[in-house]
Amino acid sequence: MGGWAIAVHGGAGVDPNLPAERQEQAKQLLTRVLNLGIDALKSGVSGIDVVELVVCELESDPLFNSGRGSALTENGTVEMEASIMDGTGRRCGAVSGLTTVKNPVSLARLVMDKSPHSYLAFSGAEKFAKEMGVETVDNEYFITQDNVEMLKLAKEANSIVFDYRIPTVGCGTGVQSPLHMNGLPISIYAPETVGCVVVDSQGQCAAATSTGGLLNKRTGRIGDSPLIGAGTYACDICAVSCTGEGEAIIRGTLAREVGAVMEYKGLGLQDAVDFVIKERLDEGKAGLIAVSNTGEVGYGFNCVGMFRGCATESGFMEVGIWE
């Protein structure tokens with residue numbers, strides 16, 4: 001056993017001209033939730049409880065795209081999704097299409113613990129939430145002024161948007177946007193998914209991911225975050241949470257691939273992460289965080305940056321955005 005380890009993320013793909021104030025806000029939030037997880041791990045809290053705790057905290061802050069800060073659909077509403085997975089026995093729970101549940105990751109946990117199913121969505125998930133007595137709020141609680149303004153810009157550009165703003169010509173950088181969706185450059189600021197992965201002092205791995213999805217997405221769209229093996233995965237050797245272009249992450253079954261190449265190719269954690277980011281995304285842009293059952297942390301991304309933080313029992317701690 002190499003001791004506990006934890007990693008968190010707040011999305012991949014960052015505007016290189018992101019204001020320093022915004023960068024500092026993101027780092028402060030990541031540091032706060034990372035320390036929350038560290039304190040829990042030091043107190044002997046299980047990995048599955050820690051990932052739920054940390055992601056709940058991220059969902060409650062409007063800075064990133066989950067819970068309170070969720071991106072808006074084409075109709076100006078919020079449809080949230082989340083998943084959680086316990087590497088011990090590969091137990092999992094996932095939810096999609098939530099409109100009133102304050103902490104989607106906690107409902108995903110209840111799907112795992114209190115239902116015979118792995119995945120509930122839309123009206124069925126909302127009904128289950130009422131039966132479980134979880135905290136609910138009006139949809140307006142999740143709608144921030146920033147996201148209202150971003151949706152207006154997205155509609156004007158006739159574009160579906162993910163990731164942090166990628167500058168285009170005319171935005172002061174002189175660099176053409178490298179990302180396109182529906183044939184249009186992605187040029188509008190929109191926050192991204194959040195996630196947490198943990199291995200606890202018993203060597204048990206767990207992962208959780210939560211998101212509001214794409215800005216200006218078609219209602220009913222489901223991304224990678226609630227899909228086990230795509231956006232989230234945990235087993236007896238590692239735990240992974242992904243962020244970025246959901247459709248590419250789904251095609252590459254990105255989270256599961258990290259565990260697969262560790263198991264079948266014999267790669268170490270960081271080598272597995274690097275292999276998957278390089279070989280399994282095709283033209284997609286994404287990032288991921290991971291921990292191993294031996295107390296390692298790893299991360300990788302093939303876009304401009306990724307909001308992330310990680311720490312290990314040995315004393316290593318890092319919070320960063322860029323390479």
Side-chain angles (χ1 to χ4, degrees), residues 4-12 26-27 29-43 45-61 63-69 80-88 91-95 103-109 112 191-201 204-212 224-226 228 230-235 238-244 254-255 258 269 273 287-293 295-301 306-313 317-320:
W4 56 259
I6 180 173
V8 298
H9 73 71
K27 288 181 178 180
L29 175 56
L30 291 168
T31 300
R32 178 164 62 83
V33 299
L34 192 59
N35 281 322
L36 182 69
I38 290 169
D39 289 344
L41 286 165
K42 287 180 176 178
S43 298
V45 177
S46 69
I48 193 69
D49 288 337
V50 174
V51 295
E52 180 185 2
L53 174 70
V54 169
V55 173
C56 274
E57 193 71 15
L58 288 166
E59 288 174 338
S60 299
D61 192 295
L63 188 65
F64 295 130
N65 178 12
S66 67
R68 184 76 189 275
M80 300 168 290
E81 49 196 29
S83 62
I84 193 168
M85 190 165 187
D86 188 345
T88 303
R91 301 168 58 247
C92 59
V95 289
N103 289 112
V105 71
S106 292
L107 186 62
R109 174 75 183 272
M112 179 179 75
E192 246 290 349
T193 304
V194 304
C196 180
V197 292
V198 162
V199 58
D200 62 26
S201 58
Q204 296 177 338
C205 300
T209 311
S210 181
T211 189
D224 68 286
S225 296
I228 300 302
T232 304
Y233 189 72
C235 59
C238 69
V240 183
S241 176
C242 299
T243 172
L254 214 64
V258 174
L269 181 70
V273 169
L288 63 85
I289 54 173
V291 295
S292 74
N293 62 356
E296 302 166 288
V297 291
Y299 63 83
F301 49 92
M306 180 171 72
F307 295 101
R308 76 222 180 242
C310 51
T312 65
E313 188 172 337
M317 182 173 176
E318 177 187 78
V319 173

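Counting from 1, the numbers follow the sequence of the chain as shown. Hydrogens, waters and symmetry mates are skipped; everything else that's a heavy atom, side chains included, is used.
Separating the CG atom in L63 from the CG atom in L29 is a distance of 5.5 Å, to the nearest 0.5 Å. Rounding to the nearest 0.5 Å places SG of C310 at 7.5 Å from CG of L34. Note that OG1 of T88 is 4.5 Å distant from CG of D86, once rounded to the nearest 0.5 Å. Interatomic distance, OG1 of T243 versus NE2 of H9, reported as 5.0 Å (0.5 Å rounding). A distance of 9.5 Å separates CD1 of I84 from CZ of R91, quoted to the nearest 0.5 Å.
Here the rule is side-chain contact (heavy atoms from CB on, under 4.5 Å) with V197, and of V291, V8, T209 only V291 fits it. Remark: of the listed residues L36, D200, V199, D200 is the sole one forming a side-chain contact (heavy atoms from CB on, under 4.5 Å) with L41.
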Donor-acceptor pairs under 3.5 angstrom involving side-chain atoms of residues 47-60: please list them, not counting sequence neighbours.
{"from": "D49", "atom 1": "OD1", "to": "R109", "atom 2": "NH1", "distance (Å)": "2.9"}
{"from": "D49", "atom 1": "OD1", "to": "R109", "atom 2": "NH2", "distance (Å)": "3.0"}
{"from": "D49", "atom 1": "OD2", "to": "S46", "atom 2": "OG", "distance (Å)": "3.1"}
{"from": "E52", "atom 1": "OE1", "to": "R109", "atom 2": "NH1", "distance (Å)": "2.8"}
{"from": "E52", "atom 1": "OE2", "to": "S106", "atom 2": "OG", "distance (Å)": "2.8"}
{"from": "E57", "atom 1": "OE2", "to": "R32", "atom 2": "NH1", "distance (Å)": "2.5"}
{"from": "E59", "atom 1": "OE1", "to": "N103", "atom 2": "ND2", "distance (Å)": "3.0"}
{"from": "E59", "atom 1": "OE2", "to": "V105", "atom 2": "N", "distance (Å)": "3.0"}
{"from": "E59", "atom 1": "OE2", "to": "S210", "atom 2": "OG", "distance (Å)": "2.6"}
{"from": "S60", "atom 1": "OG", "to": "C56", "atom 2": "O", "distance (Å)": "2.9"}

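Residue M85 comes nearest to C92 through the heavy atom pair CG-CB, 3.9 Å, listed as atom of the first residue, atom of the second, then distance. Considering all non-hydrogen atoms of both residues, F64 and A26 come closest at CZ-CB, 3.9 Å. In terms of heavy-atom proximity, S225 sits nearest to T211 at OG-CG2, 3.3 Å. For M317 against T31, the heavy-atom pair with the smallest separation is CE-CG2, 4.2 Å. The two residues A311 and I38 have their closest heavy-atom pair at CB-CD1, 3.6 Å. Across every non-hydrogen atom of A82 and A108, the tightest pair is O-CB, 4.0 Å.
Applying the side-chain contact (heavy atoms from CB on, under 4.5 Å) rule to T312 yields the partners A5, V297, S314, F316; only residues at least two apart in sequence or on another chain are considered. The side-chain contact (heavy atoms from CB on, under 4.5 Å) search around C242 returns D224, V240, I249, L254, A255, L288, not counting sequence neighbours. Qualifying side-chain hydrogen bond (donor to acceptor under 3.5 Å, both in side chains) partners for S83, counting only residues two or more places apart in sequence or in other chains: T232. Remark: R308 engages Y299 in a side-chain hydrogen bond (donor to acceptor under 3.5 Å, both in side chains) (not counting sequence neighbours).
Residues W4 and K42 are in side-chain contact: their nearest non-hydrogen atoms beyond the backbone lie under 4.5 Å apart. With contacts defined as side-chain heavy-atom distances shorter than 4.5 Å, the pair Y233/V258 does not qualify. When side chains are defined from C-beta on, C196 counts as touching I6, because their heavy atoms get closer than 4.5 Å.
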